[in-house]
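Read the structure below first, then the notes.
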Amino acid sequence: MSTIQITLPDGSTRDLESGATGLDLATSIGSRLAKAALATVVDGAMTDLSTPLPSGSTVAIVTEGTPEGREVLRHSTAHVMAQAVTRLWPGAHFAIGPAIADGFYYDFDLPNGARFTDGDMERIEAEMRAIVKENQPFVRSEHSFDEGLALFADQPFKVEIIKSVQEGSREDLDEVGSASSVSAYRNTDSFVDLCRGPHVPSTGRLGHFKLMRVAGAYWRGDEKRPQLQRVYGTAWESKTALEEHITRLEEAEKRDHRKLGKELDLFSFPTVLGPGLSVFHPKGGTIRRLIEDYSRQRHVEDGYEFVNSPHITKGELFETSGHLEWFADGMYPPMELDEGQKYYLKPMNCPFHLLIFNARPRSFRELPLRLFEFGTVYRYEKSGVVHGLTRVRGFTQDDAHILCTREQMHDELISLLNFVLDLLRDFGLNDFYLEISTRPPEKAAGTQEEWDEAEATLTAVAQSHGLELVLDEGGGAFYGPKISVQAKDAIGRTHQMSTIQLDFQLPQRFDSSYIGSDNQRHRPIMIHRALFGSIERFIAILIEHYAGALPTWLAPEQVRILSVRNDHDDYAWEVAKTLKAKGARVVVDEASEPLGGRIRRAKLEKIPYILVVGDDDVRERTLGINARGSNDPERGVGLDEFVNRFVDEVASHGMPEGR
RNA sequence: GCCUGGGUAGCUCAGUCGGUAGAGCAACGCACUCGUAAUGCGUAGGUCAGGGGUUCGAAUCCCCUCUCAGGCUCCA
């Protein structure tokens, strides 16, 4: 018997009998590894544990609990679900079933137009558990295209995939395995699925899964093609990992800004207004005012000019800008006046800012001109897409347009990105990465040099911040490249925050120009930028980031003072007066009901500081401090000491020290 | 826009087989005056999302509309 030599990831080598598989390799290393093994990576490509290893290859064992291991496990679980569905609904067609973040899905088309209901989830799960118990093997086979078409003759979606690969489409290569043949995995005589693999050795290796929901999904993601039913599930390597995942979902749900917005009385969506239209209540309005005030202050410091524009305009403006040509679907239909004049609600502020620029001849000496506005815009989002404050039909952008010369573009972008990151950090968002969208391959406004310079500058600036940079090749709009700042929140979700977009197009459409030092007219470059994106969305992200416990400087109510008995009320009001003189937002809650109940209510409202004043405090001019996040009140703190602490914390944008 | 599931008091929810509407919290009133996460008693609060239908009788069954949630598509 000949032997083969295998190199392990650590560089060591092992000799195995010819024909040895990944499982043999794992077994030769240790029984625990063999038990945890799910698949192998042979020279960088994932294969099944049962595939014979080629001599001289470098092999890594994929184990449970690793990202690759989970992917294999989830993908295999998707197959089990497809089998379960075909058992329960004979004749069901299945389309595509990949592993995704935290789980998997599979798309189905049930016979006779049948639909899944929520109650079916349990039935399918039970059938899946039976399949797991049967410990069916995953057996790989390779076929020619014709064999593949015959094998899946009763599965039209699979046939379509095979045919499209056969015709040279690369889109479905991942499903099939290669451009010259198709691979399939068989679990039983009656269930086989087209698949690239790899899979776990047998269904007995699975089991820690849960079906989450059913949803409609278009075949091929195309709105015009039939809608299939997608079943989502989550799957993990152990019961503990599954439970932890469920707990994380519950945690995210607790942070949901729509839920907290209601509980904390910040904003609402009165149904009489229509979908995607919000009202801010006093507390939410306070948060909003604080965010806007701070933003205004920073913009003044950074050399922005404040402008203002109306919410409606004649259609001509958006004809000039091109919005009516390209973006009409996203706009509210026009209001038509008696004379036939059409007025539109504005979906964007940029054309107005260009009118301001164009209002009189501009000199190069005025550039860069930075025009800022909290501009409220209206977009007719499709009814199914509105979501809390993050996707609405009426919202306010912290919108600015910078008009500058091409020579100024570089420095302007550098200072702009610094400004953005600095501002976001002031709100406690610290974990960023950047995404750069570059020149689209087909048509693009502006010269190649302008694009190159803009892209190089954006890249250099991003790198100078040491931030992770994701390239969105060719993803820019035709009128200019874009950089967007993605921020990770406290539980690791990413949100698109700021966008900085260069525009080589709009100044041309509006025939904007400035007079250069050469006494000639020149076309300015325009930079669109919104740092919060929209204030509504930014508030939503902050609420979720902080789980509603906003830092003291942003808390609508910062301090609540509770008197122990009514004869402490006067002192409570005196403390309130002292704090208000320092700008604090304070409420006094007099002793009309027991202290415990008042403490509880204030805690539920996530107020940063609850101050309790009783006999000792009136006598000594002190306070009892119950800070948010703490269940261990501090007694006998001097009033002046607290005031200083509070003022420092607000100035530094800090949080209460909940011990 | 499409698919699936919802909509009962301000909030969170219960409501059996189709038989005439319930709880807790919040609100309001009275009493209680208390040192760190729920004081007690009482009062009031409903077009069961809206409209239509079936029925002796509808929160409950059927249809339409509105709206919300989760997805899909979309997000220049």
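Predicted model only: the values in this text are computed from it and were never measured.
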Taking [M] as the reference, what is the distance to [N] when you measure between their [atom1] atoms (whole Å, please)?
N: rG52(B); M: rG15(B); atom1: C1'; answer: 25 Å
N: rC17(B); M: rC61(B); atom1: C1'; answer: 12 Å
N: rU67(B); M: rC75(B); atom1: P; answer: 23 Å
N: rC62(B); M: rU16(B); atom1: P; answer: 15 Å
N: rC64(B); M: rG1(B); atom1: P; answer: 16 Å
N: rU60(B); M: rU8(B); atom1: P; answer: 13 Å
N: rU33(B); M: rA14(B); atom1: P; answer: 40 Å
N: rC30(B); M: rG18(B); atom1: C1'; answer: 43 Å

Atom pair distance, as rounded to whole Å: [atom1] in [X] and [atom2] in [N]:
X: Y106(A); N: rU4(B); atom1: OH; atom2: C1'; value: 21 Å
X: Y105(A); N: rU4(B); atom1: OH; atom2: P; value: 19 Å
X: L110(A); N: rU4(B); atom1: CG; atom2: C1'; value: 12 Å

Compare every heavy atom of F510(A) with every heavy atom of P351(A), then report the nearest pair and how far apart it is.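 Between these two residues, the closest heavy atoms are CB-CZ, 3.7 Å.
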Can you give me the closest heavy-atom contact between V559(A) and F646(A), atom names plus distance?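 Heavy atoms of V559(A) and F646(A) come nearest at CG2-CE1, 3.7 Å.
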Which residue pairs satisfy the salt bridge (Lys or Arg N to Asp or Glu O under 4.0 Å) criterion with at least one member in [range], sequence neighbours excluded?
range: residues 526-536 of chain A; result: R288(A)-E536(A)
range: residues 260-281 of chain A; result: K259(A)-E263(A)
range: residues 382-399 of chain A; result: E223(A)-K382(A), E381(A)-R391(A)
range: residues 226-235 of chain A; result: D107(A)-R230(A)

Using 0.5 Å steps for rounding, measure from the [atom1] atom of [X] to the [atom2] atom of [Y].
X: K210(A); Y: M128(A); atom1: NZ; atom2: CE; answer: 12.0 Å
X: L88(A); Y: E127(A); atom1: CG; atom2: CD; answer: 4.5 Å
X: M331(A); Y: Y380(A); atom1: CE; atom2: OH; answer: 14.0 Å

Contacts of type side-chain hydrogen bond (donor to acceptor under 3.5 Å, both in side chains), residue [X], not counting sequence neighbours:
X: T313(A); value: none
X: D569(A); value: S563(A), N566(A)
X: S268(A); value: H281(A)

Listed partners of R379(A) passing salt bridge (charged side-chain N to carboxylate O under 4.0 Å, His left out), at least two apart: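 Counting only residues at least two positions away or on another chain, R379(A) forms no salt bridge (charged side-chain N to carboxylate O under 4.0 Å, His left out).
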Counting primed atoms plus P, OP1 and OP2 as sugar-phosphate and everything else as base, spell out the protein contacts along nucleotides 69-76 of chain B at 4.0 Å heavy-atom distance: B, S or - for each nucleotide, 5' to 3'. SBBBBBBB
Sugar-phosphate or base contact per nucleotide [nucleotides 30-43 of chain B; S, B, -; heavy atom under 4.0 Å]: --BBBBBBBB----
Quiz item: cation-pi between K346(A) and F352(A), 6.0 Å / 45°: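 Checked: cation-pi criterion met.
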Does RNA chain B take part in any stems of at least 3 consecutive Watson-Crick or G-U pairs (both distances under 3.5 Å), and if so, which ones?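 The stems that RNA chain B takes part in, listed by first number, are B:1-7 with B:66-72, B:10-13 with B:22-25, B:27-31 with B:39-43, B:49-53 with B:61-65.
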Do any side-chain nitrogens or oxygens of K262(A) fall under 4.0 Å of OP1 or OP2 in rG10(B)?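 K262(A) to rG10(B) OP1/OP2: no side-chain N or O under 4.0 Å.
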Give me the residues of residues 265-282 of chain A where at least one heavy atom lies under 4.0 Å from an atom of RNA chain B, by number, or none.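 Residues of residues 265-282 of chain A that come under 4.0 Å of RNA chain B are, in numerical order, T271(A), P275(A).
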